[in-house]
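Structure, as C-alpha cells:
By convention here, the first residue in the shown sequence is residue 1.
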Amino acid sequence: MEGDKASGCGGLVLINCFVSPYGNRVRIALKRKGLEYEEKPENLAAKSPLLLSSNPVHAKVPVLLVGGKPVCESLVILEFIDEAFPGAGEPLLPAAPCARAHARFWASYVDTKLPECAVRVWRSPKGAAAVEEGKKDLVAVLKTLEAELGAKPYFAGDALGYVDVALVPFAPWFLTYERLGRFSVAAECPALAAWAERCARENECVAKSLPEPEHVFQFVCGMRKMFGLD
C-alpha cells in the first residue's frame with residue numbers, strides 16, 4: 001500500500017498494524033507531509049523477521065525504514081519526519097522552543113497515562129474490578145486532555161499539530177472502551193469527542209489513516225478470545 005506521493009521522498013517503508021494508534025500516528029504524519037511510502041502490514045500474533053530485526057529491543061510497531069535504516073517509537077518517528085522533511089507539507093511541531101516543549105509534554109502525557117488505563121478496560125475479564133477502575137482512570141485522563149484542549153479547535157490552536165496527531169489515533173478505540181467499560185466518551189467529554197470528529201472531518205490525512213471503530217472492536221474481541229477473557 002502506498003501513501004500520498006511527493007517527488008524525491010522515496011525509500012520510506014512503514015511497518016504497522018492497522019489498529020495500532022502508534023503506527024497510525026505515523027500514517028497521519030506521512031500523509032500530512034505528502035510523502036510517498038510503502039506500508040508493510042504486521043501480524044502481531046506472529047511477528048515478522050523484518051519487524052524483529054528492525055526493532056530488536058521492543059519488537060513493536062511502528063518502525064519506519066528510511067533507506068533500509070530503522071527509526072523506532074512513534075513519537076520519535078513523528079519528530080524525525082518533521083526534521084528530515086522540513087520542506088514537505090505543514091510542520092507538526094511549532095517553531096518556538098517553549099511551544100515545542102509544551103507539545104512534547106502533552107504527547108508524553110498521552111502515552112504515559114492513556115494506554116495504561118485503556119488496557120485495563122479491554123484486557124480484563126468481564127465484571128472484573130480492574131475494568132471499573134480502568135474506566136474511572138481513563139475518564140479522568142480524557143477529562144484532563146479535554147481541559148488542555150479548552151475552547152481551541154485543535155490542541156495546536158487553529159490547525160492539526162503534534163499533540164493532535166499523537167492523540168487522535170486513539171479515537172477509533174473509543175467505541176471499544178465504551179462497550180467494554182459501559183460508558184460514553186461523548187457524555188463524559190463532549191468537547192473531546194467533538195474534537196476527534198473535527199480532526200477526521202477537516203483533515204484528509206486523518207480520515208484516510210484511521211480504521212473503522214467497529215473493525216477495532218472486532219479485532220479486540222478476537223484478542224480477548226485468544227486471551228481467554230470471553
Side-chain angles (χ1 to χ4, degrees), residues 1-4 14-35 37-47 51 60-64 74 77-78 110-111 114-115 117-124 126 131 134-135 138-139 141-142 145-146 149 153-155 160 163-227 229-230:
M1 182 169 61
E2 291 186 351
D4 296 348
L14 174 62
I15 305 173
N16 188 26
C17 174
F18 82 101
V19 296
S20 171
Y22 308 101
N24 291 334
R25 288 172 173 170
V26 181
R27 297 182 81 192
I28 293 170
L30 290 168
K31 290 179 185 297
R32 182 169 172 76
K33 289 283 189 177
L35 299 175
Y37 70 99
E38 176 186 359
E39 184 164 336
K40 290 190 177 296
E42 186 64 36
N43 179 358
L44 299 182
K47 296 177 181 179
L51 175 61
K60 293 180 179 180
V61 297
V63 177
L64 183 66
S74 62
I77 296 171
L78 294 189
V110 170
D111 277 8
L114 195 156
C117 304
V119 76
R120 283 184 277 147
V121 173
W122 74 262
R123 200 169 168 176
S124 298
K126 285 183 178 178
V131 177
K135 177 184 75 174
L138 177 59
V139 169
V141 169
L142 294 177
L145 289 163
E146 184 177 59
L149 176 66
Y154 298 96
F155 284 89
L160 191 80
V163 181
D164 303 288
V165 174
L167 179 58
V168 76
F170 286 96
W173 284 75
F174 287 175
L175 178 67
T176 296
Y177 306 153
E178 291 173 333
R179 288 180 177 174
L180 297 177
R182 298 184 181 277
F183 75 106
S184 166
V185 172
E188 296 285 353
C189 303
L192 195 68
W195 160 86
E197 293 178 1
R198 184 182 307 113
C199 284
R201 184 177 66 250
E202 297 182 354
N203 300 276
E204 188 177 41
C205 61
V206 175
K208 289 190 172 182
S209 297
L210 301 184
E212 290 294 329
E214 187 65 40
H215 294 169
V216 174
F217 179 70
Q218 294 303 323
F219 177 88
V220 169
C221 287
M223 294 288 286
R224 287 177 60 83
K225 288 181 181 178
M226 187 175 70
F227 296 143
L229 299 174
D230 288 333

Does K60 NZ have over 12 foreign heavy atoms under 6.0 Å away?
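No.
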Taking all non-hydrogen atoms of both residues into account, name the closest pair between [X] and [Y] and its distance.
X    : Y    : result
Y154 : N203 : OH-ND2, 3.0 Å
E146 : P190 : OE2-N, 3.2 Å
A186 : A193 : CA-CB, 3.8 Å
V168 : C199 : CG2-CB, 3.6 Å
L14  : G23  : CD2-O, 4.1 Å
D111 : S74  : OD2-OG, 4.5 Å

To the nearest 0.5 angstrom, please state how far the [atom1] atom of [X] sits from the [atom2] atom of [Y].
X    : Y    : atom1 : atom2 : result
L192 : E197 : CG    : CD    : 10.5 Å
E204 : I28  : CD    : CD1   : 12.5 Å
S209 : E39  : OG    : CD    : 8.5 Å
F217 : L180 : CZ    : CG    : 5.5 Å

Qualifying residue for side-chain contact (heavy atoms from CB on, under 4.5 Å) with Y177, from V185, L142, V216, L114:
L114
Applying side-chain contact (heavy atoms from CB on, under 4.5 Å) between V220 and each of V19, L175, V121, T176, report the one that passes.
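Among V19, L175, V121, T176, the one that satisfies the side-chain contact (heavy atoms from CB on, under 4.5 Å) with V220 is T176.
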Taking only Lys NZ, Arg NE, NH1 and NH2, and the carboxylate oxygens of Asp or Glu, determine whether [X] and [Y] approach each other closer than 4.0 Å.
X   : Y    : answer
R25 : D164 : no
K47 : E42  : no
K40 : E38  : yes

Examine distances only and state if a side-chain atom of [X] and a backbone atom of [Y] form a donor-acceptor pair shorter than 3.5 Å.
X    : Y    : value
E188 : V139 : no
R32  : L160 : yes
S20  : N16  : no

Which word best sums up how the rings of W122 and W173 line up, parallel for under 30°, tilted for 30 to 60°, or perpendicular for over 60°?
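Because their plane-to-plane angle lies in the 30° to 60° range, the rings of W122 and W173 count as tilted.
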Start with the C-alpha distance between N24 and F18, add both sets of side-chain angles, then the distance that settles side-chain contact (heavy atoms from CB on, under 4.5 Å), and finish with yes or no.
CA-CA 7 Å; N24 291 334; F18 82 101; 5.8 Å; no
I'd like to check [X] versus [Y] (side-chain heavy atoms, cut-off strictly below 4.5 Å). Are they in contact?
X    : Y    : value
C117 : R120 : yes
P172 : E212 : no
P62  : I77  : yes
P169 : R27  : no

Verdict with supporting geometry, R224 and K126, side-chain contact (heavy atoms from CB on, under 4.5 Å)
CA-CA 10 Å; R224 287 177 60 83; K126 285 183 178 178; 3.6 Å; yes
Tell me, with the steps shown, if L30 and L64 meet side-chain contact (heavy atoms from CB on, under 4.5 Å).
CA-CA 10 Å; L30 290 168; L64 183 66; 4.3 Å; yes
Begin with the C-alpha distance, continue with both residues' side-chain angles, and end with the deciding distance and a verdict on ring-ring contact (aromatic ring centres under 6.0 Å, His included) for Y22 and F170.
CA-CA 9 Å; Y22 308 101; F170 286 96; 5.8 Å; yes
Compute the centroid of each ring, for F183 and then for F174, and state whether the two points are separated by less than 6.0 Å.
no
